[in-house]
Amino acid sequence: MAYWLVKSEPDAFSWDEQVANGVEPWTGVRNHQAKKNLTAMKAGDRAFFYHSNVQRAIVGVVEVVREGYPDPTAETDKWVCVDVKAIAPMPTPVTLAQIKAEPTLEDLALVRQSRLSVCPVSAEHWQILCDMGEWQEPA
DNA sequence: GCCAACGTTGGC
DNA sequence: GCCAACGTTGGC
């Protein structure tokens with residue numbers, strides 16, 4: 001299983017909406033590197049749900065339930081989206097400031113490439129971030 | 001609101 | 001194919 005981090009501006013699409021909707025298509029990616037990451041996602045992969053801009057924190061965890069397919073919101077079929085399902089919120093949201101203050105996370109794609117909206121997360125970094133957020137696997 | 005990073009576009 | 005101009009994203 002691979003791990004990821006997906007970003008959304010809460011003004012456009014928030015974690016609360018993700019929870020309310022359950023399964024939601026992750027659309028609107030118009031960047032080739034982000035698309036590459038979306039394409040590499042497998043069903044069952046986990047991703048952190050990150051609020052950019054106003055909150056700047058990891059606020060929840062989602063699971064990939066449908067692998068890459070053409071993004072219906074794109075004018076051409078060259079862009080890709082996946083479906084993700086809300087699993088649970090982070091008990092303690094992990095802020096960007098905390099992430100930047102943690103030396104073991106300095107290579108995180110989120111930090112190194114702040115504009116990339118879909119980033120891979122290594123298993124080691126995933127574990128560190130789960131610890132920081134006091135993540136508990138739902139029963 | 002400003003600015004840095006980065007992607008895209010278009011002239012040459 | 002290079003590079004300047006411009007637009008967008010996202011942190012501060």
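Every value quoted in this text rests on a predicted model; they were computed, and no experiment measured them.
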Report task. To the nearest Å, give me how far apart CD (A:Gln33) and P (C:dT8) are. Result -> 21 Å
Please tabulate, one pair per line, each protein N/O and nucleotide N/O from nucleotides 9-12 of chain C that are separated by under 3.5 Å, including the distance.
{"unit_1": "C:dG11", "atom_1": "OP1", "unit_2": "A:Tyr50", "atom_2": "OH", "d": "3.0"}
{"unit_1": "C:dG11", "atom_1": "OP2", "unit_2": "A:Asn53", "atom_2": "N", "d": "2.9"}
{"unit_1": "C:dC12", "atom_1": "OP1", "unit_2": "A:Lys100", "atom_2": "NZ", "d": "3.0"}

Query - Whether A:Trp126 and A:Tyr3 hold their rings parallel, tilted or perpendicular, with breakpoints at 30° and 60° - result: parallel
Query - A:Ser8 vs A:Phe49 side-chain heavy atoms within contact, under 4.5 Å - result: yes
Requested in this report: Please list all pairs passing the ring-ring contact (aromatic ring centres under 6.0 Å, His included) test where one or both residues lie in residues 69-108 of chain A, with sequence neighbours left out.
Outcome: A:His32-A:Trp79
Report summary line: Paired runs of 3 or more consecutive Watson-Crick or G-U pairs involving DNA chain B, with both pairing distances under 3.5 Å, are B:1-12 with C:1-12
Report task. Give the C-alpha distance, both sets of side-chain angles, the deciding distance and a yes or no for side-chain hydrogen bond (donor to acceptor under 3.5 Å, both in side chains) between A:Asp131 and A:Gln127. Result -> CA-CA 6 Å; A:Asp131 290 346; A:Gln127 190 55 54; 3.1 Å; yes
Query raised in the report: How about A:Val82 and A:Asp45: do any of their side-chain heavy atoms sit closer than 4.5 Å?
Result: no
Query - Carboxylate-amine/guanidinium contact A:Asp71 A:Arg30, below 4.0 Å - result: yes
Report summary line: For A:Cys81 and A:Pro72, the nearest pair of non-hydrogen atoms, with its separation, is SG-CD, 3.7 Å
Query raised in the report: A:His32 has an atom NE2; how far is it from atom C1' of C:dT8, in whole Å?
Result: 16 Å
Query raised in the report: What salt bridge (charged side-chain N to carboxylate O under 4.0 Å, His left out) pairs are there with at least one residue in residues 95-106 of chain A, not counting sequence neighbours?
Result: none
Report summary line: Sorted by chain and residue number, the salt bridge (Lys or Arg N to Asp or Glu O under 4.0 Å) partners of A:Arg46 (sequence neighbours excluded) come out as A:Glu63, A:Glu137
Query raised in the report: How many Å lie between NZ on A:Lys36 and P on B:dG7, as a whole number?
Result: 12 Å
So which protein N/O to nucleotides 3-5 of chain C N/O distances come out below 3.5 Å?
none

Report task. Compare every heavy atom of A:Leu105 with every heavy atom of A:Ile99, then report the nearest pair and how far apart it is. Result -> O-CB, 3.9 Å
